[in-house]
Amino acid sequence: MGVEEEFLLVDPVTGVAVNRAGDVVAAARDLFGLELDHELTGSQVETNTAVCTDVEQVRRELLRTRSVVARAARAAGCRAIAVGAPPLGDMTGVITDDLRYRRIARAFGALAEQQLICGCHVHVAVPDRETAVQVCNHLRPWLPLLGAITANSPFSRGADTGFASWRQMVWSRWPVSGPPPYFTSWQHYQAVSDTLLDAETALDQGMIYWDVRPSAHLPTVEVRVADVAASVDDAVLLAALARALATKAVAEVERGVLAVPVPVETLRQVSWRAAKDGLTGSTLDVLSGRLLPVRQQLNALVRELTPVLDANGDLALVEHGLRVLDRDGCGADRQRRAFREGGTKDLLTLLDADAAQRPSGHGMAVVRMAGDVDLSNSDELERRCAEAMDAGAEEVVIDLSEVAYFGSSGITALDRIRAQGIERRVPISVTASATVARVLNATAMDNLLPLREQPEAPLPTAG
């Protein structure tokens with residue numbers, strides 16, 4: 001499996017979108033060795049995880065890529081935020097200077113220019129394209145629920161839209177978007193796709209923007225319904241549920257079980273309601289025909305998927321993600337709360353790609369060390385982390401931002417702490433001074449533990 005995340009680039013003070021993608025892509029490559037992708041407008045960048053075999057690996061990858069995107073944006077004088085649609089300023093962006101994007105802009109005009117929306121796409125491997133089509137059919141009834149729990153775009157032009165996911169409303173203006181039709185076979189899918197291309201409502205396979213689709217270039221099913229998640233916890237929850245749904249669907253396809261052919265018009269109505277209310281609302285359970293709270297439907301889905309989640313090794317992370325939702329709400333709830341309490345400043349702080357990777361403090365233990373970490377005290381670092389996990393910490397952050405020397409015994413301690421975290425399913429991450437970061441990089445420990453480097457000096461901001 002793999003996850004793609006899109007981020008919006010904004011002025012660090014005003015929050016208005018800025019055309020800095022080229023600078024951010026260059027900074028990520030040159031300073032941090034990460035290749036980012038351009039998007040339709042110059043105010044967006046995209047990250048891609050490696051091919052992952054489990055959701056814990058997805059989590060580590062997302063922590064790493066979000067950290068790099070945030071640091072690269074700061075180096076380029078802007079801010080990368082995890083938000084489904086621009087909360088402040090105009091919705092119009094500058095089209096990226098790319099042949100395909102210029103074609104789209106010519107064909108779709110203002111619709112393309114106003115495409116400053118950011119999503120999260122989850123790819124799950126499937127055996128073949130015929131199976132992919134049937135798996136998409138099985139996933140269709142669950143798309144509104146996945147969209148509701150990741151809703152993360154309540155604001156537009158500085159005002160509350162009344163929707164939890166304004167991105168879904170902007171996205172729905174494209175001629176090929178939203179829930180897909182029910183397809184009887186790969187041949188049926190290809191025939192419909194060819195019709196769309198012939199009619200030029202899509203210029204290529206990549207513009208078939210349905211909420212779930214067989215990938216045009218990978219042997220995967222791609223779940224595309226979600227806003228870019230407010231936090232890594234939310235993205236991991238989405239990825240785990242998508243993988244479990246696809247795993248269960250593959251098994252049902254192999255047994256010859258057909259998906260329920262929910263009418264596309266029903267799914268569109270339910271998707272609209274999910275985008276409107278997010279996690280706090282009620283939507284139609286399309287399989288039972290009953291109007292039920294979203295949270296109740298989510299509980300029922302997790303119960304149904306528990307054997308698969310357990311077999312995949314993902315159940316603990318899903319349970320953690322559910323606790324985060326119960327504590328903080330979905331991204332839209334968190335945004336509204338931040339804006340109400342602290343205005344634009346608190347909203348942008350919440351949305352910052354780097355800050356959003358951390359829990360809000362509940363269930364997280366911070367273990368701080370200062371000065372030197374060597375043979376004389378490395379066992380203390382290991383002991384304090386173990387005590388935090390024994391006390392029930394859901395995540396441990398090792399704060400080494402004030403450490404001036406980090407010896408080989410510290411590396412050994414970190415490796416043991418990492419092993420304990422894996423065994424107990426407690427995520428471990430490190431905040432490092434520049435000195436420590438160099439040591440972790442030289443020993444490849446930064447490939448095993450998510451790393452946030454404390455900058456040595458303030459970075460430039462947009463003028």
Side-chain angles (χ1 to χ4, degrees), residues 1-4 48-49 51-53 119-147 150 168 171-172 174-226 238-271 274 285-287 301 304-305 308-309 311-312:
M1 66 182 303
V3 176
E4 303 168 0
N48 298 273
T49 68
V51 176
C52 300
T53 56
C120 176
H121 306 158
V122 179
H123 287 265
V124 184
V126 292
D128 51 61
R129 285 178 165 177
E130 190 65 48
T131 303
V133 169
Q134 300 305 326
V135 168
C136 289
N137 286 340
H138 280 275
L139 264 60
R140 290 171 74 247
W142 304 107
L143 294 172
L145 181 60
L146 297 180
T150 52
Q168 283 281 20
W171 193 241
S172 67
W174 288 90
V176 187
S177 62
Y182 185 98
F183 294 106
T184 58
S185 64
W186 170 254
Q187 184 178 7
H188 181 199
Y189 176 86
Q190 197 60 56
V192 173
S193 298
D194 290 344
T195 299
L196 297 172
L197 296 176
D198 291 342
E200 297 185 353
T201 49
L203 302 185
D204 53 37
Q205 290 285 341
M207 286 193 68
I208 296 177
Y209 291 145
W210 286 317
D211 290 340
V212 65
R213 69 182 185 187
S215 172
H217 60 283
L218 297 171
T220 65
V221 163
E222 184 181 5
V223 179
R224 305 168 47 82
V225 70
L238 171 70
L241 293 177
R243 180 164 84 141
L245 282 166
T247 301
K248 185 172 184 289
V250 168
E252 291 179 340
V253 170
E254 291 174 348
R255 295 199 311 270
V257 178
L258 296 177
V260 177
V262 181
V264 70
E265 59 269 23
T266 299
L267 285 175
R268 290 189 71 87
Q269 294 179 50
V270 178
S271 295
D285 178 347
V286 297
L287 298 181
L301 175 61
E304 183 177 339
L305 293 177
V308 180
L309 292 167
N312 287 345

Check whether [X] reaches the backbone of [Y] with its side chain - one donor and one acceptor, N or O, closer than 3.5 Å.
| X | Y | result |
| --- | --- | --- |
| Asp204 | Met207 | yes |
| Thr266 | Val262 | no |
| Tyr189 | Glu130 | no |
| Thr201 | Leu197 | no |
| Gln205 | Ser215 | no |
| His138 | Val260 | no |
| Ser177 | Trp210 | no |
| Asn137 | Phe183 | yes |
| Thr220 | Val124 | no |
| Arg140 | Pro180 | yes |

Identified side-chain contact (heavy atoms from CB on, under 4.5 Å) counterpart of Thr247 within the set Leu305, Val308, Leu309, Val126: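 Exactly one pass, corresponding to Val308.
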Distance, nearest 0.5 Å, that separates [atom1] of [X] from [atom2] of [Y]:
| X | Y | atom1 | atom2 | answer |
| --- | --- | --- | --- | --- |
| Arg268 | Ser172 | CZ | OG | 6.5 Å |
| Leu145 | Asp285 | CG | CG | 9.0 Å |
| Thr131 | Trp186 | OG1 | CH2 | 11.5 Å |

Could you report the tightest heavy-atom contact between [X] and [Y], atom names first, then the distance?
| X | Y | answer |
| --- | --- | --- |
| Ala132 | Val221 | O-CG2, 3.6 Å |
| Gln134 | Val253 | CB-CG2, 3.5 Å |
| Val225 | Leu143 | CG2-O, 3.7 Å |
| Val264 | Pro179 | CG2-O, 3.4 Å |
| Val133 | Ser185 | CG1-O, 3.7 Å |
| Asn312 | Ala244 | ND2-CA, 4.2 Å |

Over 12 non-hydrogen atoms of neighbours within 6.0 angstrom of CD in Glu265: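 Yes, enclosed.
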How about [X] and [Y]: do any of their side-chain heavy atoms sit closer than 4.5 Å?
| X | Y | value |
| --- | --- | --- |
| Cys120 | Leu238 | yes |
| Glu222 | Val212 | no |
| Arg129 | Pro214 | no |
| Asp211 | Val223 | no |

From CA spacing to verdict: side chain to side chain contact (heavy atoms under 4.5 Å, CB included), Leu258, Tyr182: CA-CA 11 Å; Leu258 296 177; Tyr182 185 98; 4.2 Å; yes
Derivation of the side chain to side chain contact (heavy atoms under 4.5 Å, CB included) call for His121 and Val3: CA-CA 6 Å; His121 306 158; Val3 176; over 6 Å; no
Mutual orientation of the aromatic rings belonging to Trp171 and Trp174 [parallel < 30°, tilted 30-60°, perpendicular > 60°]: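 Rings of Trp171 and Trp174: tilted, 30 to 60°.
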Under 3.5 Å side-chain donor-acceptor pair for Thr195 and Asp198: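 The answer is no; no qualifying pair exists.
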Donor + acceptor pair across side chains of Glu4, His123 (<3.5 Å):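 Yes, a side-chain donor-acceptor pair sits under 3.5 Å.
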Chi angles and distances behind the side chain to side chain contact (heavy atoms under 4.5 Å, CB included) call for Glu252, Arg255: CA-CA 5 Å; Glu252 291 179 340; Arg255 295 199 311 270; 3.5 Å; yes
Trace of the side chain to side chain contact (heavy atoms under 4.5 Å, CB included) decision for Leu146 with Leu245: CA-CA 11 Å; Leu146 297 180; Leu245 282 166; 4.2 Å; yes
